[in-house]
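One structure is given below, encoded as structure tokens.
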Amino acid sequence: MKLWSVAIPAVLIAACRGSAPGKTDAGELAATVDTLRGLVETAVGLKFDHPPKFAVRTRDEVKVFLKGKMDAEFPPEKVEGAEATYKLLGLIPDTLSLKTLLLALYSEQVAGYYDPETKTLYAVRTDHKDQDRLILAHELVHALQDQRLPLDSLLHRATTSDRQAAMQAVFEGHATIAMIGVMTPGLDVVKNGAFWQSYRDQVKSSQTSMKVFASAPLI
């Protein structure tokens, strides 16, 4: 799948921290996926053609995956162009290695992702079961999207970063709204302004607890 357009991530992920899973964790996560599948169908209004493949990954395995995507989609000439542009605009320090920063940033954040290439939902066990449900619900929406639309092909067809960012906004926005529906069944909270303010506050609080993210340039 397409991962990079300059420095915009297009890998379909949920950004939450986690710890390495064990065998028991893997079984628990698989059971959670099974229980969430029907709730996701209800929230989206579509049925899965078939249950998506599911696997658990360690933090190191996620880092290897991300590095492979970066190497494939963010070659040296693109790195140099992005760094030169950002530095010229004063958005990053002259001494910053953009690729090194991005690998550390995404390795810190990723606790679940759906990969259209392998048609598999991957998860990393976190310290909180409610957070696991949130991540898995979000990624299940991406798996359902991919059974209805060729996500990988669509992202590869994007000829500019603006087109890719627009498609990502649609896919991620849809997954976020559906995820909220899964976590708040029967409540139409997305039309509540107070909910969105609370949601933004929670996202900001979560982000500040991530050391790499907190110290990264705003761009």
Using side chain to side chain contact (heavy atoms under 4.5 Å, CB included), reason through Phe48 and Leu140 one step at a time and then give a plain yes or no.
CA-CA 10 Å; Phe48 282 96; Leu140 275 168; 4.0 Å; yes
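- Counting all heavy atoms, side chain and backbone alike, Leu91 lies closest to Pro217 at O-CB, 3.6 Å.
- Taking Tyr122 as the reference, Tyr113 meet the ring pair (Phe, Tyr, Trp, His ring centres under 6.0 Å) condition, with sequence neighbours excluded.
- The backbone N or O of Lys211 lies less than 3.5 Å from a partner atom in the side chain of Glu108, making a donor-acceptor pair.
- Between the NZ atom in Lys78 and the NZ atom in Lys99 there is a gap of 11.5 Å [rounded to 0.5 Å].
- Listed here is the closest heavy atom pair of Leu98 and Ala82: CD2-CB, 3.7 Å.
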Please table the atom pairs, donor to acceptor, closer than 3.5 Å between any side-chain atom in residues 175-194 and protein atoms at least two apart or in another chain.
unit_1: Thr176; atom_1: OG1; unit_2: Glu172; atom_2: O; d: 2.8
unit_1: Thr184; atom_1: OG1; unit_2: Ile180; atom_2: O; d: 2.6
unit_1: Asn192; atom_1: OD1; unit_2: Ala194; atom_2: N; d: 2.8
unit_1: Asn192; atom_1: OD1; unit_2: Phe195; atom_2: N; d: 3.3

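- Using a distance-only test at 3.5 Å, with no hydrogens or angles considered, no donor-acceptor pair links the side chain of Arg59 to the main chain of Val124.
- Side-chain atoms of Ser205 never come within 3.5 Å of backbone atoms of Asp201 as a donor-acceptor pair (strictly under, hydrogens ignored).
- Rounded to the nearest 0.5 angstrom, Leu101 CG and Leu96 CG are separated by 5.0 Å.
- Residues Asp152 and Asp146 share a closest heavy-atom pair of N-OD1, 4.4 Å.
- The environment of Lys119 atom NZ is dense: over 12 non-hydrogen atoms of other residues, nucleotides or ligands sit within 6.0 angstrom.
- Side-chain N or O atoms of Glu41 include none that pairs as donor or acceptor with a backbone N or O of Leu46 at under 3.5 Å.
- Tyr86 OH to Ile92 CD1: the interatomic distance, rounded to the nearest 0.5 Å, is 8.0 Å.
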Kindly indicate, with the supporting measurements, whether the criterion side chain to side chain contact (heavy atoms under 4.5 Å, CB included) is fulfilled by Thr32 and Asp132.
CA-CA 8 Å; Thr32 300; Asp132 293 337; 5.6 Å; no
Set out, in order, the CA-CA distance, both residues' side-chain angles and the distance that settles side chain to side chain contact (heavy atoms under 4.5 Å, CB included) for Lys67 and Ser107, then state yes or no.
CA-CA 9 Å; Lys67 186 178 185 305; Ser107 296; over 6 Å; no
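- Heavy-atom minimum distance, Gln147 versus Asp49: OE1-N, 2.6 Å.
- Using a 4.0 Å cut-off between charged side-chain N and carboxylate O, Lys69 and Glu73 make no salt bridge.
- Between Val110 and Phe65 the shortest side-chain heavy-atom distance does not fall below 4.5 Å.
- When every heavy atom of Leu102 is checked against every heavy atom of Met70, the shortest pair comes out as CB-CE, 3.9 Å.
- Between Thr120 and Ala55, the shortest heavy-atom distance links the atoms CG2-N, 4.1 Å.
- Note that CG of Leu121 is 6.0 Å distant from CD of Glu139, once rounded to the nearest 0.5 Å.
- Atom CZ in Phe74 sits 11.0 Å away from atom CG in Asp71 (nearest 0.5 Å).
- A salt bridge does not link Asp115 with Arg57: every distance from a Lys NZ or Arg NE/NH1/NH2 to an Asp or Glu carboxylate oxygen is 4.0 Å or more.
- The CG atom of Leu36 sits 4.5 Å away from atom CZ of Arg133, with the distance rounded to the nearest 0.5 Å.
- Between Tyr114 and Val141, the closest side-chain pair of non-hydrogen atoms is not below 4.5 Å.
- Under a hydrophobic-cluster definition in which Ile, Leu, Val, Met, Phe, Trp and Tyr are linked whenever side-chain heavy atoms come within less than 4.5 Å, directly or via other members, Val79 and Ile219 are assigned to the same cluster.
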Let's go through Tyr106 and Val62 carefully: what are the C-alpha distance in whole Å and the side-chain angles of both, what is the deciding distance for side chain to side chain contact (heavy atoms under 4.5 Å, CB included) to 0.1 Å, and is it a yes or a no?
CA-CA 9 Å; Tyr106 295 131; Val62 170; over 6 Å; no
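- Tracing side-chain contacts under 4.5 Å through hydrophobic residues (I, L, V, M, F, W, Y), one reaches Val203 starting from Leu134; they form part of the same cluster.
- Looking only at distances, a side-chain donor or acceptor of Lys87 sits under 3.5 Å from a matching main-chain atom of Asp94.
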